[in-house]
Amino acid sequence: MRMRRLFGQTLRESPSEAEAISHQLLVRAGYIRPLAAGIFSYLPLARRALSKLETIVREEIEAIGGQEVAMPVVHPAEVWQRTGRWYAIGAEMGRFTDRTDRDLVLAMTHEEVVADLVRSEIQSYRQLPQLVYHIQTKWRDDPRPRAGLIRVREFTMKDSYSLDADWEGLDRQYRAHYQAYFNIFHRCGLDVIAVASDTGMMGGALAHEFMVLAPVGEDTLMLCDHCGYSANRQIAGFAKPEAVSELPLPVTRVATPGAATIAALAEFLGIEASQTAKAVFLVGTIPEGEQSVERFIFVVIRGDMEVNETKVANAVQAQSLRPATEAEIRAIGAEPGYGSPVGIHDALLVVDDAVVRSPNLVAGANEPGYHLRNVNYGRDYEADIVSDIAAARAGDSCPQCGAPLRAERGVEVGNIFKLGTRYSEAVGCNYVDAGGQSHPVIMGSYGIGIGRTLACIAEIHHDAQGLVWPVSVAPFQVHLITLGPEESEAAVVADRLYAALWEAGIEVLYDDRDRSPGVKFNDADLLGMPLRITVAQRGLKQNSVEIKRRDLTEREFVPLDTVVGFVKDQIAILEGDLAQRVSSVPYRD
RNA sequence: CGGGGCGUGGCGCAGUUUGGUUAGCGCGCGCGGUUUGGGUCCGCGAGGUCGGCGGUUCGAAUCCGCCCGCCCCGACCA
């Protein structure tokens with residue numbers, strides 16, 4: 001590609017709205033342009049990089065048996081109504097109507113459509129297992145797009161769907177994806193970790209997220225350096241410090257004026273926070289058939305811990321949670337700041353397992369300025385649900401080995417879900433087994449955010465001058481620049497070299513513009529192609545050109561007649577380095 | 001949705017507090033010249049309903065009201 005013909009230009013300064021480094025660089029270097037919040041156009045440079053990324057994805061998914069399909073972006077509402085998600089998902093879903101007023105949905109994901117497709121195509125166990133995938137545009141009307149391509153509303157996703165007759169088959173396909181995903185990300189030059197994750201709106205039994213560790217990430221991961229435990233903070237467990245064992249003492253009422261927080265209470269009574277029970281008041285939206293109802297959720301956790309709302313939502317099967325209002329709190333017989341599980345009514349009582357094991361806690365008295373000493377679970381109150389609902393924090397003990405956990409930020413670039421039969425049952429996609437019995441197909445779903453992955457690569461692979469693409473996803477392998485006026489010897493030689501390199505199958509971006517050397521060098525650094533060839537008088541005196549790797553500082557003069565071979569060797573070296581990153585990763589739940 | 005910031009040629013900004021000729025600057029863009037190993041230098045030039053609507057005023061980029069958009073933090077998030 002000749003740069004004077006390239007569509008899109010570089011910017012000397014990045015637009016003020018860009019904050020994330022990948023966002024700044026991709027915009028400055030002329031890869032992407034914003035159209036609206038969370039909606040981008042991809043210019044030729046980005047499109048080429050994305051194509052390479054998609055090729056890697058296709059190779060790895062087809063290597064585990066995937067067959068590419070293409071499913072629609074616009075879906076009739078009925079398929080989403082059948083699985084209930086039309087009702088369960090709120091404003092995030094793009095809805096509109098056609099000219100005859102039929103409800104339509106903009107694809108957020110394709111479980112429904114796959115299930116519908118499978119219903120017509122799969123009848124027998126003989127047709128299973130299957131793995132279909134596509135790379136498709138999705139729309140999620142995210143309330144807050146951010147950080148350029150990291151979190152957008154319109155995005156491209158690879159999603160594959162496994163179809164099996166038995167759970168062992170699902171397990172095989174799940175594990176195959178687990179390894180394939182590592183292969184994909186390693187080939188792109190990304191280190192990722194797989195963490196156990198919440199299943200969220202997808203539902204299902206088990207899920208992993210593939211995370212790139214980066215400060216720009218919006219997920220918090222809890223990691224154990226000792227045993228390798230890793231989980232999204234939303235579901236991370238931890239070994240809770242045990243309470244002292246004591247015989248239950250009689251409940252006594254104690255005046256605690258002004259002690260409306262755990263810290264104030266502990267100080268006032270001269271006790272540890274772990275000897276208190278904290279009440280947290282939430283209202284959950286809980287589905288009941290096609291309707292959903294609001295229920296008051298009274299959460300009790302030990303004073304030294306914090307509530308993890310994802311865990312609470314999962315424990316009570318809530319679609320969403322919100323803080324309760326003061327009026328709602330009083331309506332169930334509790335008192336803000338002095339709440340107690342003793343004596344409340346019309347609330348779903350959820351108690352953390354550590355509270356159950358902790359005797360003689362100080363809880364509120366449900367009246368202002370008073371607490372109760374020696375409140376004991378089982379004797380003084382009983383929960384509707386006892387569960388782990390505490391948030392893991394950095395420094396907490398690993399649930400597997402007890403070593404301290406570390407917290408890190410991460411970007412979710414991929415995820416894998418064991419869906420089971422949720423969608424196949426809802427849509428009625430069944431197969432007949434060898435004995436003639438009908439069963440729902442067992443499904444898995446597996447996503448990779450293509451644009452987000454590209455942004456993560458940029459986030460990791462850059463320096464002060466610009467992007468530094470891994471050769472596997474670089475839009476071009478070589479950035480050829482020529483210094484000196486048009487019609488000069490350098491220009492003539494560069495023209496010839498450009499043709500020779502393409503002839504040899506090497507992808508070259510050729511800066512043939514009539515610009516000063518500084519501009520060309522700076523743009524080459526900004527655009528980030530792995531190899532730079534400079535044709536100028538300085539080298540031509542020895543009949544050679546300068547070649548430099550973008551990721552190294554050394555430059556080398558290479559005789560003109562050996563340039564093509566030299567470049568091929570360099571590309572092979574770069575590709576080899578990436579290939580070395582690919583390794584088999586032990587599976588862990 | 002809550003909190004904060006911003007909206008002036010393609011990009012980055014000044015001007016708004018205290019209303020007053022033709023709204024400036026840098027980059028970029030076009031033309032001519034110059035230079036050719038790290039964003040050369042000189043000259044000429046094109047390009048803006050100052051986010052939108054309404055109001056106040058003799059007069060609005062500037063003051064007031066409503067609306068829209070973009071960014072950041074939080075809520076949210078496969």
Side-chain angles (χ1 to χ4, degrees), chain A residues 8-20 23-24 27-28 30 33-39 85 88-93 107-111 138-148 150-153 155 157-159 197-204 207-210 216-220 232 234 309-310 313 319-323 411-417 419 444-449 452 465-466 481-491 511 513-526 532 534-541 545-546 548 555 557:
Chain A
Q9 62 175 355
T10 58
L11 304 176
R12 197 140 170 187
E13 294 167 283
S14 54
S16 55
E17 73 258 25
E19 194 127 313
H23 187 193
Q24 292 179 6
V27 172
R28 263 193 68 201
R33 293 289 179 252
L35 180 64
I39 306 177
R85 284 163 133 195
I89 298 172
E92 210 181 340
M93 179 181 283
M108 307 177 75
T109 171
H110 286 80
E111 282 78 17
K138 321 248 174 185
W139 171 263
R140 288 183 198 170
D141 194 358
D142 200 294
R144 187 152 106 77
R146 55 177 289 273
I150 299 286
R151 182 161 160 185
V152 290
R153 295 194 292 171
F155 57 101
M157 189 160 176
K158 183 291 297 180
D159 40 335
S197 75
D198 185 41
T199 52
M201 81 171 188
M202 306 292 287
H208 283 88
E209 291 169 341
F210 288 76
V216 74
E218 47 199 351
D219 285 286
T220 301
N232 194 308
Q234 290 179 318
E309 291 198 6
T310 303
Q319 271 165 24
S320 61
L321 294 175
R322 64 171 172 84
V411 180
E412 180 189 351
V413 286
N415 54 37
I416 56 180
F417 289 90
L419 296 177
S445 105
Y446 316 85
I448 288 180
R452 181 181 278 188
Q465 274 60 247
I481 73 182
T482 170
L483 306 183
E486 294 186 64
E487 314 294 327
S488 67
E489 185 192 0
D511 193 346
R513 297 173 303 171
D514 184 19
R515 307 298 300 269
S516 68
V519 171
K520 292 189 174 188
F521 283 129
N522 279 304
D523 272 349
D525 288 344
L526 180 59
R532 187 186 75 195
T534 307
V535 182
Q537 210 43 48
R538 185 188 284 184
L540 289 179
K541 278 185 284 190
V545 297
E546 181 201 271
K548 177 182 171 297
R555 335 163 153 210
F557 280 96

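Naming convention: chains lettered A, B, ... in sequence-line order (proteins, then strands); numbering from 1 in each chain.
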Reading RNA chain B from 5' onward, which residue's closest nucleotide shows up sooner: E13(A) or V545(A)? E13(A)
Residues in side chain to side chain contact (heavy atoms under 4.5 Å, CB included) with E13(A), at least two apart? none
With sequence neighbours left out, the residues meeting side-chain hydrogen bond (donor to acceptor under 3.5 Å, both in side chains) with K158(A) are S160(A), Y181(A)
Rounding to an integer number of angstrom, what distance separates U40(B) and C27(B) when you compare their C1' atoms? 15 Å
Nearest to the A36(A) side chain among G37(B), C70(B), G39(B), which nucleotide is it? C70(B)
Would you mind classifying the nucleic acid contact of Q465(A) as base, sugar-phosphate or nothing, using non-hydrogen atoms under 4.0 angstrom? nothing
Nucleotide N/O to protein N/O under 3.5 Å, stretch nucleotides 28-32 of chain B:
from   : atom 1 : to      : atom 2 : distance (Å)
C29(B) : OP1    : R515(A) : NH1    : 3.4

Among G39(B), C11(B), C73(B), which is the nearest nucleotide to the side chain of L11(A)? C11(B)
Could you state the atom-to-atom distance from CE of M93(A) to C1' of C77(B) in whole Å? 14 Å
Would you indicate which nucleotide in G12(B), G39(B), C73(B) comes nearest to any side-chain atom of N522(A)? G39(B)
L483(A) side, atom CG; R515(A) side, atom CZ - distance, nearest 0.5 Å: 13.5 Å
If we take the P atom in both U34(B) and G43(B), what is their distance in whole Å? 16 Å
Sequence neighbours left out, what passes salt bridge (charged side-chain N to carboxylate O under 4.0 Å, His left out) with E19(A)? Give chain and number order. none
May I ask you to say what D523(A) touches in the nucleic acid, namely base, sugar-phosphate or nothing, with a heavy-atom cut-off under 4.0 Å? base
Rounded to whole Å, CZ of F521(A) lies from C1' of G37(B) at a distance of 5 Å
Starting at CD of E218(A) and ending at P of C71(B), how long is that distance when rounded to a whole Å? 14 Å
Write down the distance separating the P atoms in G2(B) and G39(B), rounded off to the nearest Å. 49 Å
C73(B) phosphate, OP1 or OP2, under 4.0 Å from R146(A) side-chain N/O: yes
Touch check for R555(A), heavy atoms < 4.0 angstrom, all strands: base, sugar-phosphate only, or nothing? base
Identify, with sequence neighbours excluded, every residue that meets side chain to side chain contact (heavy atoms under 4.5 Å, CB included) alongside R33(A). L11(A), V27(A), L43(A)
Which part of the nucleic acid, if any, lies within contact of R532(A), taking any heavy atom under 4.0 Å across all strands shown: a base, the sugar-phosphate backbone alone, or nothing? base
Report the residue (S14(A) or A37(A)) whose heavy-atom-nearest nucleotide on RNA chain B is the more 5′ of the two. S14(A)
Nucleotide C71(B), atom P - distance to CG of D142(A) in whole Å: 11 Å
Base, sugar-phosphate or nothing for D525(A)? Non-hydrogen atoms, less than 4.0 Å. base
Please report the distance, rounded to the nearest Å, between CZ in R151(A) and C1' in G74(B). 11 Å
Can you figure out which of G37(B), U40(B), C72(B) approaches the side chain of S516(A) most closely? U40(B)
From CH2 of W139(A) across to C1' of C77(B) the rounded distance in Å is 14 Å
Residues in side-chain hydrogen bond (donor to acceptor under 3.5 Å, both in side chains) with Q234(A), at least two apart? none
Starting from P on A75(B), measure out to CD on E309(A) and report it in whole angstrom. 9 Å
What is the distance, to the nearest angstrom, from the CZ atom on R144(A) to the C1' atom on A75(B)? 10 Å
For atom P, what is the distance between G24(B) and G48(B), given to the nearest Å? 13 Å
